[in-house]
**Q** 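Quick one: the structure is below, and I'll ask about it shortly.
These numbers come from the heavy atoms of this one structure, side chains and all, not from hydrogens, waters or symmetry mates.
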Amino acid sequence: MTREEVAALLAYAVRLDPRTAPADQAAAEETLDQWADLLADVPPRAPHPNGRHWDAAQVVRHHIATSPYPVRPSDVSRPWHSFRRDVVDRHHDPVPAADPDDPEAYRAELVDTRHAVATGASTAATYHELTGGTREERDQLAAERLAALGDYVPRSVADALAEFRPRRAERERRAVEGLPDPLDVPCPYQQCRAAAGEPCLNYRRTPRGSAHPSRLDLATARRYAPKEPAA
């Protein structure tokens with residue numbers, strides 16, 4: 001956000017919660033300096049591929065409505081970085097328009113696309129958009145993947161249990177959204193080598209919170225590899 005956009009956001013916060021109003025002009029300038037520094041890489045609005053767009057003003061409003069504490073700039077920047085990670089995780093690079101025989105131009109276009117997605121200037125390209133298929137076909141595939149996970153429970157129950165079984169919840173989310181599941185394949189990382197269905201391990205040989213990037217790359221490559229023609 002620009003300094004002017006941050007000032008507008010602060011004015012909105014004071015309007016909703018007058019106790020956050022600075023005592024004098026010097027305090028107002030100091031607060032603006034602090035917020036402008038911490039929110040320099042946070043956009044006021046940004047798109048999300050599932051339609052759940054980012055709006056910094058709504059984040060401020062939600063905080064004031066739900067928290068007894070005055071809003072701080074980190075209450076805006078932290079949700080943004082979580083939002084950005086989610087968007088980047090959903091993004092799949094489309095084939096650049098640049099000539100692949102010109103590696104510098106090809107890489108530059110990839111970098112520009114990823115930067116635009118990460119900063120909220122562009123909407124992420126999802127696997128659904130790149131792989132096509134009808135809604136019915138995608139729903140059927142999601143149902144098959146959920147069934148393969150076993151022990152089916154209604155979605156309302158699964159959602160209620162999500163915080164108590166985060167790994168299962170993440171696998172179900174990927175199945176429903178048609179995303180590759182890294183636990184479908186063994187981890188190729190030499191220091192891990194977790195079997196399919198098992199979580200990746202850290203250097204202490206305890207489960208990681210997320211899969212190694214190379215495992216996700218392998219799952220992505222296998223999921224979207226061209227199908228062999230029928231004999």
**Q** Quick check for you: to the nearest 0.5 Å, what is the distance between Arg61 atom CZ and Thr66 atom OG1?
**A** 10.5 Å

**Q** Check whether any side-chain heavy atom of Arg193 sits under 4.5 Å from a side-chain heavy atom of Cys187, and report yes or no.
**A** no

**Q** Quick check: closest heavy atoms across Arg208 and Leu201, and the distance to 0.1 Å?
**A** CD-O, 3.6 Å

**Q** Would you give the length of the straight line joining atom CD of Gln190 to atom OG of Ser214, rounded to the nearest 0.5 angstrom?
**A** 10.5 Å

**Q** Around Gln58, counting heavy atoms of other residues, nucleotides and ligands shown, do more than 12 lie under 6.0 Å from its CD?
**A** yes

**Q** List the steps and the verdict of side-chain contact (heavy atoms from CB on, under 4.5 Å) for Ile64 and Tyr69.
**A** CA-CA 8 Å; Ile64 292 173; Tyr69 301 105; over 6 Å; no

**Q** Keeping Gln34 on the side-chain end and Thr31 on the backbone end, is there a donor-acceptor pair under 3.5 Å?
**A** no

**Q** Taking all atoms of both residues into account, what is the closest heavy-atom pair of Ala196 and Arg215, and its distance?
**A** CA-NH2, 3.8 Å

**Q** Quick check on Arg78: does its CZ atom have over 12 non-hydrogen neighbours (other residues, nucleotides or ligands) under 6.0 Å away?
**A** no

**Q** Should the pair Asp181-Arg171 be classified as a salt bridge under the 4.0 Å nitrogen-to-oxygen rule?
**A** yes

**Q** Going only through I, L, V, M, F, W and Y residues with side-chain contacts under 4.5 Å, is there a path from Val14 to Leu16?
**A** no

**Q** Output the distance between atom CD (Glu4) and atom OG1 (Thr2), rounded to the nearest 0.5 Å.
**A** 4.5 Å

**Q** How close do Cys192 and His212 get, counting heavy atoms only, and between which atoms?
**A** CB-CE1, 3.5 Å

**Q** Once you round to the nearest 0.5 Å, how far does CZ of Phe83 lie from NE2 of His53?
**A** 8.0 Å

**Q** Does one hydrophobic cluster hold both Val185 and Leu179, with members joined at side-chain heavy-atom distances below 4.5 Å?
**A** no

**Q** Where do Glu198 and Leu183 land on the side-chain contact (heavy atoms from CB on, under 4.5 Å) test, with the steps shown first?
**A** CA-CA 6 Å; Glu198 297 296 325; Leu183 269 63; over 6 Å; no

**Q** Minimum heavy-atom separation for Ala194 and Pro199, please, with both atom names.
**A** CB-O, 3.3 Å

**Q** Hey, could you give me each pair passing side chain to side chain donor-acceptor pair (under 3.5 Å) that has a residue in residues 8-25? Not counting sequence neighbours.
**A** Asp17-Arg19, Gln25-Glu29

**Q** According to a hydrophobic-cluster definition based on side-chain heavy atoms being under 4.5 Å apart (Ile, Leu, Val, Met, Phe, Trp, Tyr only), do Leu218 and Leu216 belong together?
**A** no

**Q** For Ser77, give me all partners under side-chain contact (heavy atoms from CB on, under 4.5 Å), at least two apart in sequence or on another chain.
**A** Leu39, Val42, Ser74, His81

**Q** Check whether any side-chain N or O of Trp54 sits under 3.5 Å from a backbone N or O of Pro43 as a donor-acceptor pair, and report yes or no.
**A** yes

**Q** Please answer whether the main-chain N or O of Arg72 pairs with a side-chain N or O of Asp75 as donor and acceptor at a distance below 3.5 Å.
**A** yes

**Q** Can you name the nearest heavy-atom pair linking Trp35 to Leu9, along with the distance?
**A** CZ3-CD2, 4.2 Å

**Q** Just do the salt bridge (Lys or Arg N to Asp or Glu O under 4.0 Å) check on Arg3 and Asp33 with the steps written out, would you?
**A** CA-CA 8 Å; Arg3 191 176 178 85; Asp33 288 342; 2.7 Å; yes

**Q** Could you state whether Val76 and Leu32 fall into the same hydrophobic cluster, counting links through intermediate Ile, Leu, Val, Met, Phe, Trp or Tyr residues with side-chain heavy atoms under 4.5 angstrom apart?
**A** yes

